[in-house]
Engineer: 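What follows is a structure written as structure tokens; I'll ask about it next.
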Amino acid sequence: MAQRFYITTAIAYPNGRPHMGHAYEVITTDVIARYRRLRGDEVRFLTGTDEHGLKIAQAARAEGVDPRAYVDRMVEPFRAMDAQLGISFDRFIRTTDADHKALCQALWQRMAANGDLYLDRYEGWYSVRDEAYYDESELIDGTDSAGKAVRLSPQGTPVEWTIEESWFFRLSAYGDRLLALYDGDPDFIQPASRRNEMRAFVAQGLRDLSMSRTSFDWGVPVPGSPGHVMYVWVDALANYLTGAGGRADELCGEWWPADLHVVGKDVVRFHTIYWPAFLMSAGVALPKRVFGHGHVLNRGEKMSKSVGNVVDPMAMAEVFGVDRLRWFLCRDVAFGEDGSYSDEAIVERCNADLANGIGNLAQRALAMVAKGHGGAMPAAGAGGEGEAALAEALARGTADYLAAMDALAIHRGLEAVMGMVSAANGYFAASAPWTMKQDLAAQGSVLAHALDASRRIALLVQPVMPASAAALLDQLGVAAGARSLADLDARVPAGTPLPPPQGVFPRWAPLA
RNA sequence: GGCAGCGUAGCUCAGUUGGUGAGAGCGCCGGAUUCAUAACCCGGAGGUCGGCAGUUCAAAUCUGCCCGCUGCUACCA
């Protein structure tokens, strides 16, 4: 029976254009989703946008448009990016979707019914200009026009001690249960370094959480409490329930609980402390795992407008091709850690792995088949030591790949695949089929073994490079219905006509 | 400041509970080869395993100190 797998990305905050960080998250999550499908799992993949909150309201107002109109426009580049990058989501959720609003309010009422929400006052240093509270430690000292010493926000705007009515969530009551969760299931938070941080955070004691705002209205209204909108994270996190098919009358949709939330390391806290606490309060099952990925840096530097290194992932995909970008990000960046990218690194990596490795392996065998074997898959003989060694390397590589992918070590999985490529190219060179012109059967056998290695490799890289892998499998004569993990040992029958070879992974010429 | 972690070949990193000769990939150099996308294959280049001092028959792997770096340290997300 097919296993069900519900996977999500964090939802993006569309107060700007999508950047490489967004692309990285949806790509890696897509790879995992496709991998599960390849394994035969029944997958639900959710992604989308987080459209409420102060910053959106401010940005909309700055443009003099309605917030709804603003987000309707801002969401489009995110959709376009997903389409361009081949993101195979099942639903693109927007927190402004009608079904989501209803679910949020139901979730709220469940938490309230459990006695975890209470009305109190939130006090703090508030900047009217920024419409935001700041912690004492964030304030800087300055002087006003009269030369008097005053306290300023990090943006240099004046702040004043303000008291606002707010709903609070009894987060403080959940510390022990959260610690028990982390300790009872070490995989709940990954990587381990993040788990340690979150554990330390909880262990130091939790304060109750301000759950509503009255200073602006762009959010989900708190039921029965006019003037209050929900703290944006309540609304944002709840998207995973809505996306699972949850409704106001039944919070748990058919896909809940999530098997995996893939999120950036910067939002791990919200997903591993607030979110489980909310769910515990509402009496809803917890997600099984939260994975905090690292950030990808442009040449090792954080992207910033002042440095002038903000990269548009769509332009990048345009230049290099979607699959090259996907391959690079998955192969060159250790999943869970920060990584770095540059044009040079992408070209280098893709030329080495794709053009010289995977592509060349297929091409050298296919060319000989086209030339000397009438363009039909030759018969594979029983083979000798060389074939046995190759088979063993392929089996080991496949096992390593599966283990790594199951453990979310995507980069390790691809490393294992490259080991298979290396073994196959080694086998080809050692067998030297081009010297067997006098014995076409022997030559054909070597080619068949090499092509089968290519087939196995192409099968495994499908999650990362869907389009290229499909093109390669076409070249290899693999039937459309024989491309899942279950077909790993299904060799292409001898005699199968193979189309004229065409390089799937052309070498990238030196940058101009 | 507190807590956690890291610092191994030019680059990115592997190195279980301390023990035969310190590794991989990329890049680089040399060789071989010519089926292939000047790719593939083979070999090499030798890095005080951040520094110092210890524990031990034996430490990259344990302890202490020092230097450097990173992350977390809550209500913008």
Side-chain angles (χ1 to χ4, degrees), chain A residues 10-13 15 50 52-56 58 122 124 127 130-135 137-138 153-155 166 168-169 171 191-213 231-234 236 264-270 273-274 292 294-295 300 331-334 337-340 344-345 348-349 351-372 411-412 414-415 418-419 421-422 424-437 443 446-447 450 501-509:
Chain A
I11 45 179
Y13 203 65
N15 62 340
D50 174 18
H52 290 306
L54 175 66
K55 292 205 169 168
I56 293 289
Q58 285 177 328
Y122 185 81
S127 161
D130 299 345
E131 285 196 52
Y133 282 93
Y134 295 100
D135 188 78
S137 63
E138 295 181 277
S153 76
Q155 277 73 43
S166 172
F168 279 80
F169 174 72
L171 185 63
S193 54
R194 298 292 152 204
R195 182 180 70 240
N196 292 340
E197 288 172 3
M198 292 308 111
R199 200 185 184 294
F201 183 89
V202 173
Q204 76 176 17
L206 295 170
R207 299 207 295 266
D208 286 350
L209 187 65
S210 171
M211 291 281 273
S212 70
R213 298 289 185 273
Y231 172 43
V232 70
W233 270 104
V234 178
K265 64 179 184 180
D266 52 322
V267 292
V268 168
R269 195 176 72 227
F270 302 92
I273 297 177
Y274 299 174
H295 292 161
R331 162 90 159 114
D332 219 63
V333 179
E337 298 188 38
D338 287 350
S340 177
E344 293 76 9
E348 198 173 273
R349 180 93 264 165
N351 277 347
D353 291 349
L354 306 182
N356 301 349
I358 297 173
N360 189 228
L361 170 65
Q363 189 68 10
R364 64 199 306 197
L366 285 172
M368 289 186 74
V369 168
K371 207 178 299 175
H411 57 296
R412 295 269 178 243
L414 300 187
E415 190 177 24
M418 289 314 299
V421 175
S422 181
N425 267 322
Y427 162 77
F428 201 91
S431 303
W434 56 88
T435 64
M436 301 173 170
K437 289 179 184 130
Q443 181 186 67
V446 170
L447 298 179
Q502 223 172 9
V504 174
F505 297 110
R507 184 177 178 80
W508 190 269

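Chain naming here is simple, since letters A, B, ... match the order of the sequence lines and numbering starts at 1 in each. Computed from a prediction, not measured in an experiment: that's the story for all the values here.
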Engineer: Of A:Leu171 and A:Gly53, whose nearest nucleotide on RNA chain B comes first from the 5' end?
Structural biologist: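 So the residue in question is A:Leu171.
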
Engineer: Testing the basics here: between A:Gly357 and A:Val421, what is the closest heavy-atom pair and its distance to 0.1 Å?
Structural biologist: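 A:Gly357 and A:Val421 have their closest heavy atoms at C-CG1, 3.5 Å.
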
Engineer: Rounded to whole Å, how long is the line connecting atom OH of A:Tyr427 with atom C1' of B:C41?
Structural biologist: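 My rounded result for the distance is 15 Å.
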
Engineer: Base, sugar-phosphate, or nothing for A:Leu206, non-hydrogen atoms under 4.0 angstrom?
Structural biologist: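 The residue A:Leu206 makes base contact.
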
Engineer: Of the nucleotides B:C75, B:C41, B:A39, which has the atom closest to the A:Ala429 side chain?
Structural biologist: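 Ranking B:C75, B:C41, B:A39 by closest atom to the A:Ala429 side chain puts B:C41 first.
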
Engineer: At 4.0 Å (heavy atoms only), tell me whether A:Pro433 reaches a base, stays on the sugar-phosphate, or touches nothing.
Structural biologist: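 Nothing, no nucleic acid heavy atom in range.
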
Engineer: Between B:C75, B:U34, B:A4, which nucleotide has the shortest distance from any of its atoms to the side chain of A:Ser210?
Structural biologist: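 So the nucleotide nearest the side chain must be B:C75.
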
Engineer: Considering only atom P, compute the distance from B:G54 to B:A59 and round it to an integer number of Å.
Structural biologist: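 So the two P atoms sit 13 Å from each other.
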
Engineer: Would you mind pulling out the nucleotide paired to B:G43, Watson-Crick or G-U wobble, both distances under 3.5 Å?
Structural biologist: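 Partner of B:G43: B:C29.
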
Engineer: Measuring from the side chain of A:Tyr274 (C-beta onward, heavy atoms only), which nucleotide among B:C41, B:A74, B:G71 has the closest atom?
Structural biologist: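 Shortest atom-to-atom distance from the side chain points to B:A74.
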
Engineer: Pairs under 3.5 angstrom, nitrogen or oxygen only, protein versus nucleotides 23-31 of chain B, please.
Structural biologist:
{"residue": "B:C26", "atom": "O2'", "partner": "A:Glu348", "partner atom": "OE2", "Å": "3.0"}

Engineer: Considering only the P atoms, how many Å lie between B:G1 and B:C65, rounded to the nearest integer?
Structural biologist: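 The same atom, P, in both gives a distance of 15 Å.
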
Engineer: Of the listed nucleotides (B:U37, B:A14, B:G71), which one gets closest to any side-chain atom of A:Arg412?
Structural biologist: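 Nearest to the side chain of A:Arg412 among the choices is B:A14.
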
Engineer: If the C1' atom of B:U56 is compared with that of B:U63, how far apart are they to the nearest Å?
Structural biologist: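 Comparing C1' positions in B:U56 and B:U63 gives a spacing of 12 Å.
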
Engineer: Which whole number of Å gives the distance between the C1' atom of B:G23 and that of B:C49?
Structural biologist: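 One C1' to the other, the span is 11 Å.
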
Engineer: Expressed in whole Å, how much space separates the P atoms belonging to B:C6 and B:A14?
Structural biologist: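 After rounding to an integer number of Å, I get 10 Å for this pair.
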
Engineer: Look at all strands and tell whether A:Gly292 reaches a base, only sugar-phosphate, or nothing, counting heavy atoms closer than 4.0 Å.
Structural biologist: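 If one applies the 4.0 Å heavy-atom cut-off, A:Gly292 turns out to touch nothing in the nucleic acid.
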
Engineer: Which base sits across from B:U61 as a Watson-Crick or G-U pair, both distances under 3.5 Å?
Structural biologist: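 Checking every strand shown, B:U61 finds no partner, since no pair has both distances under 3.5 Å.
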
Engineer: Go through the structure and list residues passing side-chain hydrogen bond (donor to acceptor under 3.5 Å, both in side chains) with A:Arg507, not counting sequence neighbours.
Structural biologist: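 Per chain and number, A:Arg507 pairs via side-chain hydrogen bond (donor to acceptor under 3.5 Å, both in side chains) with A:Asn356.
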
Engineer: If B:C35 has a Watson-Crick or G-U wobble mate with both distances under 3.5 Å, name it; if not, just say none.
Structural biologist: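 By the stated definition (distances under 3.5 Å), nothing pairs with B:C35.
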
Engineer: Heavy atoms only: give me the nearest A:Met368-A:Gln443 pair and the separation to one decimal.
Structural biologist: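 Shortest heavy-atom separation between A:Met368 and A:Gln443 comes out as CE-NE2, 3.1 Å.
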
Engineer: Has the side chain of A:Asp338 got a donor or acceptor atom that lies under 3.5 Å from a matching backbone atom of A:His295?
Structural biologist: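 Here the side-chain-to-backbone pair exists.
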
Engineer: From the list B:G71, B:C75, B:A77, which nucleotide is the closest neighbour of the side chain of A:Phe270?
Structural biologist: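 So the side chain of A:Phe270 is nearest to B:A77.
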
Engineer: Under 4.0 Å: is that the gap between some side-chain N or O of A:Arg269 and OP1 or OP2 of B:U73?
Structural biologist: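 Answer is yes, contact under 4.0 Å.
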
Engineer: Tell me: CD1 of A:Ile11 to P of B:A77, nearest whole Å?
Structural biologist: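 In whole Å, B:A77 P lies 12 Å from A:Ile11 CD1.
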
Engineer: To the nearest 0.5 Å, tell me how far A:Glu348 CD sits from A:Asp353 CG.
Structural biologist: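 Between atom CD of A:Glu348 and atom CG of A:Asp353 there are 10.0 Å.
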
Engineer: Select one nucleotide: of B:U34, B:C75, B:G71, the one nearest the side-chain heavy atoms of A:Arg213.
Structural biologist: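 Looking only at heavy atoms from C-beta outward on A:Arg213, the closest nucleotide is B:C75.
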
Engineer: Round to the nearest Å and state the distance from A:Glu337 atom CD to B:U70 atom C1'.
Structural biologist: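 Checked: the CD to C1' distance equals 11 Å.
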
Engineer: For the atom pair CG (A:Asn360) and CG (A:Leu366), what is the distance rounded to the nearest 0.5 Å?
Structural biologist: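 Reported to 0.5 Å precision, the distance equals 11.0 Å.
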
Engineer: side-chain contact (heavy atoms from CB on, under 4.5 Å), that's the test. Do A:Asn351 and A:Phe505 meet it? Break it down for me.
Structural biologist: CA-CA 8 Å; A:Asn351 277 347; A:Phe505 297 110; over 6 Å; no

Engineer: Classify A:Ala200 by what it touches in the nucleic acid, base, sugar-phosphate, or nothing, heavy-atom distance under 4.0 Å.
Structural biologist: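 No contact at all - A:Ala200 keeps every heavy atom at 4.0 Å or more from the nucleic acid.
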
Engineer: Could you state the atom-to-atom distance from CH2 of A:Trp233 to P of B:A74 in whole Å?
Structural biologist: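 Rounding to the nearest Å, CH2 of A:Trp233 and P of B:A74 are 16 Å apart.
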
Engineer: Please determine, for B:A24, whether a Watson-Crick or G-U wobble partner exists with both distances under 3.5 Å, and give it or none.
Structural biologist: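 Pair assignment: B:A24 / B:U12.
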
Engineer: For the side chain of A:Val232, counting heavy atoms from C-beta on, which of B:A77, B:C35, B:C40 is nearest?
Structural biologist: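 So the nucleotide nearest the side chain must be B:A77.
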
Engineer: So which nucleotide does B:G7 pair with, by the Watson-Crick or G-U wobble rule with both distances under 3.5 Å?
Structural biologist: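 Base-paired to B:C67.
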
Engineer: Between NE2 of A:His52 and CZ of A:Arg213, what distance do you get to the nearest 0.5 Å?
Structural biologist: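 Those atoms lie 14.5 Å apart.
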
Engineer: Pick the C1' atom in B:U33 and in B:C41, then give their distance to the nearest Å.
Structural biologist: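 These two C1' atoms come out 8 Å apart once rounded.
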
Engineer: In whole angstrom, what separates A:Met418's CE from B:C41's P?
Structural biologist: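 Computing the A:Met418:CE to B:C41:P distance gives 9 Å.
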
Engineer: Identify, between A:Glu197 and A:Gly357, the residue whose nearest nucleotide on RNA chain B lies closer to the 5' end.
Structural biologist: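 The residue closer to the strand's 5' end, by nearest nucleotide, is A:Gly357.
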
Engineer: In whole angstrom, give the distance that lies between atom CD of A:Gln363 and atom C1' of B:U37.
Structural biologist: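 The distance from CD of A:Gln363 to C1' of B:U37 comes to 7 Å, rounded to the nearest Å.
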
Engineer: Measure from CH2 on A:Trp508 to P on B:U37 and round the result to the nearest Å.
Structural biologist: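 The answer, rounded to whole Å, is 19 Å.
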
Engineer: Counting only side-chain N and O atoms of A:Lys371, is one of them less than 4.0 Å from OP1 or OP2 of B:A36?
Structural biologist: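 It does, given that an N or O in the side chain of A:Lys371 lies less than 4.0 Å from OP1 or OP2 of B:A36.
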
Engineer: For the atom pair CG (A:Leu171) and CE (A:Met211), what is the distance rounded to the nearest 0.5 Å?
Structural biologist: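 Reported to 0.5 Å precision, the distance equals 9.0 Å.
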
Engineer: With both distances under 3.5 Å as the test, what is the Watson-Crick or G-U wobble partner of B:C72?
Structural biologist: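 In the structure as shown, B:C72 has B:G2 as its Watson-Crick or wobble partner.
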
Engineer: Using atom C1' of each nucleotide, how far apart are B:C3 and B:A60 to the nearest Å?
Structural biologist: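 B:C3 and B:A60 have their C1' atoms separated by 26 Å.
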
Engineer: Would you kindly give the CG-to-P distance between A:Asn425 and B:A36, to the nearest whole Å?
Structural biologist: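 Taking atom P of B:A36 as the reference, CG of A:Asn425 is at 14 Å.
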
Engineer: For the residue pair A:Ala424 and A:Leu361, what are the closest heavy atoms and their distance?
Structural biologist: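 Taking A:Ala424 first and A:Leu361 second, the nearest heavy atoms are CB-CD2, 3.6 Å.
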
Engineer: When the C1' atoms of B:G44 and B:U61 are compared, how many Å lie between them, rounded to an integer?
Structural biologist: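 One C1' to the other, the span is 28 Å.
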
Engineer: Are A:Phe428 and A:Pro433 side-chain neighbours, meaning at least one heavy-atom pair lies under 4.5 Å?
Structural biologist: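 Result yes, sub-4.5 Å side-chain heavy-atom pair found.
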
Engineer: Remember a base hit wins even if backbone is also touched, and classify A:Asp50 as base, sugar-phosphate or nothing at under 4.0 Å, heavy atoms.
Structural biologist: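 It contacts sugar-phosphate atoms only.
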
